[in-house]
Chemist: 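Below: one structure in structure tokens.
Reckoned from all heavy atoms, side chains included, excluding hydrogens, waters and symmetry mates. Just follow the structure's listing: the first ligand is 1, and inside any ligand the first atom is 1.
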Amino acid sequence: MITIHSIDELRSFLSEEKESGKKIGFVPTMGALHEGHISLVHAAKHRGLSCVMSIFVNPTQFGPNEDFSKYPRTLETDKNLAFAGGVNFLFAPSEKTIYPPDQEIKKISPPSTLNAVLCGPFRPGHFEGVCTVVNRLLEIVQPDELFLGQKDAQQLRILQETMKPLHPNIEIIGVPTVREPDGLAMSSRNKYLSPEERKKALIISKALLSANQMYKLGEKDAHHIIEHTKKILLEESDFKIQYVDLVRWSDFQKMETIEDKSLLAIAGYLGKTRLIDNVFLD
Ligand code: AMP
């Protein structure tokens, strides 16, 4: 694995790679790597691609009261995990490399319909920051395929929609959420949880699993499924629900009866830590 900090160096390595007939798979991350990130690398390798992973804690996707300054930065450990996971090129640019002060970086906005629900209203500007940085990274890396986690399902859906016209030749692959053995979705932010909060966080996957079972047993009424999910979450009084929402995957519209592939998503706080998780009802 080669660790690279500059765009020129990355481009020269990748042009050699492309000249030798290799296709490039790209895994953008903010570091603090875990098995969830590595599953994206495995997906790329499984498809026979040479894997570029980026590690960049993108300031523009954090709100003023969010955790940008305390977001875990663990580059040395990340290098070992990335290497063991099969990453070929680890791109760890500085903020100046991604946002050069003398260069105007094109801002990309999420479609308002996809941004109007779930995390969008609670994190103003977040998805614009995500779209802008991913577009910038895609312009730099110019991969054949982009690997994104279903853990951040709204991000996946928004990037599918915004990147398609800008980078029509890049295929976007959504990779299923990797969970801890007890069900908690892996997340870099799980590091913030105290041992007590870590136990309490299980209520989220428990609620999603139960709602999914209810759906599989034939319940198609969206309101019933949402109420059932909330009822389970309320068993853990320290979990502060931000939202429980059920939207159609194609257009993120809410519905009364589930007829198409849909997304049941939860966001909330345990102490100061904001956690999200979701399940597809398909
Ligand atoms: P992040 O570093 O949190 O920005 O995440 C980088 C990429 O890893 C995103 O595409 C995430 O959706 C994905 N990811 C994060 N956690 C998981 C997980 N538990 N399972 C699968 N993918 C994940």
Chemist: Answer with side chain, backbone, both or neither: which part of P28 has a heavy atom less than 4.0 angstrom from an atom of ligand 1?
Modeler: backbone
Chemist: Would you say the side chain of I266 lies within less than 4.5 Å of the side chain of I241, judging by non-hydrogen atoms?
Modeler: no
Chemist: Identify, by atom number and element, the atoms of ligand 1 in contact range of T177, meaning under 4.0 Å from any of its heavy atoms.
Modeler: 19 (N), 20 (N), 21 (C)
Chemist: Who else is in the cluster with Y71 when I, L, V, M, F, W and Y are joined by side-chain contacts under 4.5 Å?
Modeler: M30, V57, F62, F68, Y192
Chemist: Is L156 touching ligand 1 with its side chain, its backbone, both, or neither, if touching means heavy atoms under 4.0 Å apart?
Modeler: neither
Chemist: Which value, rounded to the nearest 0.5 Å, describes the distance between E9 atom CD and L14 atom CG?
Modeler: 10.5 Å
Chemist: Of all the non-hydrogen atoms in the protein, which one sits nearest to atom 20 (N) of ligand 1, and at what distance?
Modeler: V178 N, 2.8 Å
Chemist: For atom 14 (N) of ligand 1, find the nearest protein heavy atom and state the residue, atom name and distance (0.1 Å precision).
Modeler: D152 OD2, 4.2 Å
Chemist: Ligand 1 and V175, any nitrogen or oxygen pair closer than 3.5 angstrom?
Modeler: no
Chemist: With no hydrogens and no angle check, just 3.5 Å: does a side-chain donor-acceptor pair link H126 and N115?
Modeler: no
Chemist: Can you list the ligand 1 atoms lying under 4.0 Å from a non-hydrogen atom of M186?
Modeler: 16 (N), 17 (C), 18 (C), 19 (N)
Chemist: Quick one: does A32 get a heavy atom under 4.0 Å from ligand 1?
Modeler: no
Chemist: Check each of K151, R189, Q155 against atom 9 (C) of ligand 1 and report the one with the nearest heavy atom.
Modeler: Q155
Chemist: Report the part of S187 in contact with ligand 1, treating N, CA, C, O as backbone and CB onward as side chain, heavy atoms under 4.0 Å; options are side chain, backbone, both, neither.
Modeler: neither
Chemist: I'd like to check the ring-ring contact (aromatic ring centres under 6.0 Å, His included) partners of F91; sequence neighbours left out, ordered by chain and number.
Modeler: none
Chemist: Could you tell me whether the side chain of S94 reaches within less than 4.5 Å of the side chain of H5, counting heavy atoms only?
Modeler: no
Chemist: Purely on distance, is any nitrogen or oxygen of M30 under 3.5 Å from one on ligand 1?
Modeler: yes
Chemist: Considering only non-hydrogen protein atoms, determine which one is nearest to atom 10 (O) of ligand 1 and report residue, atom name and distance to 0.1 Å.
Modeler: G149 N, 2.9 Å
Chemist: Could you state the interatomic distance from OG1 (T3) to CG (L75), rounded to the nearest 0.5 Å?
Modeler: 7.0 Å
Chemist: Show which atoms of ligand 1 fall inside a sub-4.0 Å distance from at least one heavy-atom site of L40.
Modeler: 7 (C), 8 (O), 10 (O), 13 (C)
Chemist: Any side-chain heavy atom of L275 within less than 4.5 Å of one from N190?
Modeler: yes
Chemist: Look at atom 16 (N) of ligand 1 and say which protein heavy atom is nearest, naming residue and atom and giving the distance to 0.1 Å.
Modeler: H34 CE1, 3.3 Å
Chemist: Is it the case that the side chains of R157 and Q160 hold a donor-acceptor pair, with the cut-off being a distance below 3.5 Å and no angle test?
Modeler: yes
Chemist: Does H37, backbone or side chain, put an N or O under 3.5 Å from an N or O of ligand 1?
Modeler: yes
Chemist: Could K261 and F280 be counted as a cation-pi pair, given that NZ or CZ must be under 6.0 Å from the ring centre and within 45° of the axis?
Modeler: yes
Chemist: For ligand 1, find out whether one of its N or O atoms is nearer than 3.5 Å to an N or O atom of F147.
Modeler: no
